[in-house]
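Bear in mind the structure is a predicted one, so any value in this text is a computation, not a measurement. Chain letters run A, B, ... following the sequence lines, proteins first and then strands; every chain starts at 1.
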Protein chains: 2
Amino acid sequence: MPGPHTLVETERRVDERLGQLDIDFTSMAVVSNLFRAANAVRNHLERTVLAEHDLSWTGFVVLWVTWIWEPIETRQIAVEGGFSKATLTGVLSTLEGRGWLAREKSQSDGRLVLVRMTPAGRDLMETLFPAFNEQERHVASPVDPAKRGELAEMLRVVTVNVEKQS
Amino acid sequence: MPGPHTLVETERRVDERLGQLDIDFTSMAVVSNLFRAANAVRNHLERTVLAEHDLSWTGFVVLWVTWIWEPIETRQIAVEGGFSKATLTGVLSTLEGRGWLAREKSQSDGRLVLVRMTPAGRDLMETLFPAFNEQERHVASPVDPAKRGELAEMLRVVTVNVEKQS
DNA sequence: GGGATATTGTTAGGATGCGAACAACCTACA
DNA sequence: TGTAGGTTGTTCGCATCCTAACAATATCCC
């Protein structure tokens, strides 16, 4: 872990405690830095663009997915956004209450609920998403432009691999 | 966002909605994949190694930091682990209740609390951490071994850059 | 047709994490 | 010395997100 201590010092201390066992410090750094980055980026985005509109990270994702793919079934929003359907129910109600999107029962399957943006929701996204993307640009900015695609791809294969067996 | 749809199709739809504005899709993919990866990895680690010991991710981090740096001040644990001191108070009480570590008032500064591992805590970490690291290895495994250090470094600079101005 | 099984969105309950307020303690400075 | 202001850990209230249970609906298969 980075933090106030150096990686070298951390490795030395792990070795002191585990002696013979061989530890993969590079993988350890990947996992640890992955979490630090995700938390830091989430906090940053929530405090910059999202807080102005009183939106949580999840709320924004729901808006974004709906904006791009409307009309969309709620179960698809959950998959696309990566959260549970129970979480989605609450967030959807909040966003619907604010007049940014609307639920609608499916004609062909009575169990399904379709979601559409309202005009107010589209207005919001037309200013919010460019501002959000500007912050995404800022987040990725310290990485060599030629390596950013590679970074995204490495994160993708990590996700796919980990989700494979569960 | 990857999900069921292709990146190309997503880009086309964003363009449909924003026309002239130029969006940085690579940065968008970096941020989006960062969150998907962090969530997937966290779930994986919690379900494999951590669930057996009824440990949350945060609980494990606290144990790990303490194990490596004991005796350590609680404020340092919070910084090192990347969570708030309020969160730490509760987690520390849980771990102390299970007999894995112990609080101790600082002699030199009455406000500070020092934390040490108990022998039972050390026993736990001597088996838990190698198992955890094996899963970290699995997480990083789909990335070219020669590129893993680069991945960790990119995540680190992203974190540092984003935390800089807050 | 019609009952067993599966799927969907919602609800209820619990776990987790944060910011704000607070009491105890330390430090600086007049 | 003593008082104002900063720091630390804890408590409290709140938001978020998950799993499990449930009712409504659809599908399968005899």
Enquirer: State which of D/dC17, C/dT8, D/dT10 makes the closest approach to the side chain of B/Thr89.
Expert: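 Within the option list, the nearest is D/dT10.
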Enquirer: In this structure, how many angstroms lie between the P atom of C/dT16 and the CZ atom of B/Phe60, rounded?
Expert: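 Taking CZ of B/Phe60 and P of C/dT16, I get 16 Å after rounding.
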Enquirer: Any idea which of D/dT25, C/dG17, C/dG19 is nearest the B/Ala86 side chain?
Expert: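 So the side chain of B/Ala86 is nearest to C/dG19.
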Enquirer: Are side-chain heavy atoms of B/Ser56 and B/Leu50 found at a separation under 4.5 Å?
Expert: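 Of all side-chain heavy-atom pairs linking B/Leu50 with B/Ser56, none is under 4.5 Å.
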Enquirer: Any Lys/Arg nitrogen of B/Glu9 or B/Arg12 sitting under 4.0 Å from an Asp/Glu carboxylate oxygen of the other?
Expert: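 Here B/Glu9 pairs with B/Arg12 in a salt bridge, since their nearest N and O are under 4.0 Å apart.
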Enquirer: Does B/Arg47 have a side-chain nitrogen or oxygen under 4.0 Å from the phosphate oxygens OP1 or OP2 of D/dC18?
Expert: no
Enquirer: Using heavy-atom distances to pick each residue's nearest nucleotide on DNA chain D, tell me which of A/Thr58 and A/Gly110 is more 5'.
Expert: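 Result: A/Thr58.
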Enquirer: Can you confirm whether A/Arg103 sits close enough to A/Leu92 that some side-chain heavy atom of one is under 4.5 Å from a side-chain heavy atom of the other?
Expert: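 Of all side-chain heavy-atom pairs linking A/Leu92 with A/Arg103, at least one is under 4.5 Å.
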Enquirer: Given C/dT8, D/dC18, C/dG17, identify the nucleotide with an atom nearest to the side chain of A/Thr74.
Expert: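 So the side chain of A/Thr74 is nearest to C/dT8.
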Enquirer: Counting only side-chain heavy atoms from C-beta out, which of D/dG9, C/dT8, C/dC18 sits nearest to B/Lys85?
Expert: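 Within the option list, the nearest is D/dG9.
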Enquirer: Of the candidate nucleotides C/dC26, D/dT8, C/dG9, which contains the atom at the shortest distance from the side chain of B/Asp109?
Expert: C/dC26
Enquirer: Using whole Å, what does the distance between atom C1' of nucleotide C/dT7 and atom CD of A/Gln76 come to?
Expert: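 One finds 15 Å between C1' of C/dT7 and CD of A/Gln76, rounded.
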Enquirer: Do the non-hydrogen side-chain atoms of A/Leu155 and A/Leu34 ever get within less than 4.5 Å of each other?
Expert: yes
Enquirer: To the nearest angstrom, how far is A/Asp54 atom CG from D/dT16 atom P?
Expert: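 The answer, rounded to whole Å, is 8 Å.
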Enquirer: Compare the minimum distances between each of D/dT8, C/dT8, D/dG9 and the side chain of B/Arg111, then state the nucleotide with the smallest one.
Expert: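 Shortest atom-to-atom distance from the side chain points to D/dT8.
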Enquirer: Roughly, in whole Å, what's the span from CD1 in A/Ile72 to C1' in C/dT8?
Expert: 15 Å
Enquirer: Please report, rounded to the nearest Å, how far the P atom of D/dA23 is from the CG atom of A/Leu112.
Expert: 20 Å
Enquirer: State whether A/Arg103 places a side-chain N or O below 4.0 Å from either non-bridging phosphate oxygen (OP1 or OP2) of C/dT10.
Expert: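 The answer is yes; a side-chain N or O of A/Arg103 sits under 4.0 Å from OP1 or OP2.
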Enquirer: Measure the distance from CH2 on A/Trp57 to C1' on C/dG17 and round it to the nearest whole Å.
Expert: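 One finds 18 Å between C1' of C/dG17 and CH2 of A/Trp57, rounded.
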Enquirer: Expressed as a whole number of angstroms, how long is the span from B/Glu73:CD to C/dC26:P?
Expert: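 Between P of C/dC26 and CD of B/Glu73: 13 Å.
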Enquirer: Rounded to whole angstrom units, what separation is found between the CD atom of A/Glu46 and the P atom of D/dA15?
Expert: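 Roughly 14 Å, once rounded to whole Å.
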Enquirer: Given B/Arg116, which partner from the list B/Glu73, B/Glu70, B/Glu96, B/Glu104 fulfils the salt bridge (Lys or Arg N to Asp or Glu O under 4.0 Å) test?
Expert: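 Testing B/Arg116 for a salt bridge (Lys or Arg N to Asp or Glu O under 4.0 Å) against B/Glu73, B/Glu70, B/Glu96, B/Glu104 leaves exactly one candidate, B/Glu104.
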Enquirer: Under 3.5 Å, is there any donor-acceptor pair linking the side chain of A/Arg75 to the base of C/dT8?
Expert: no
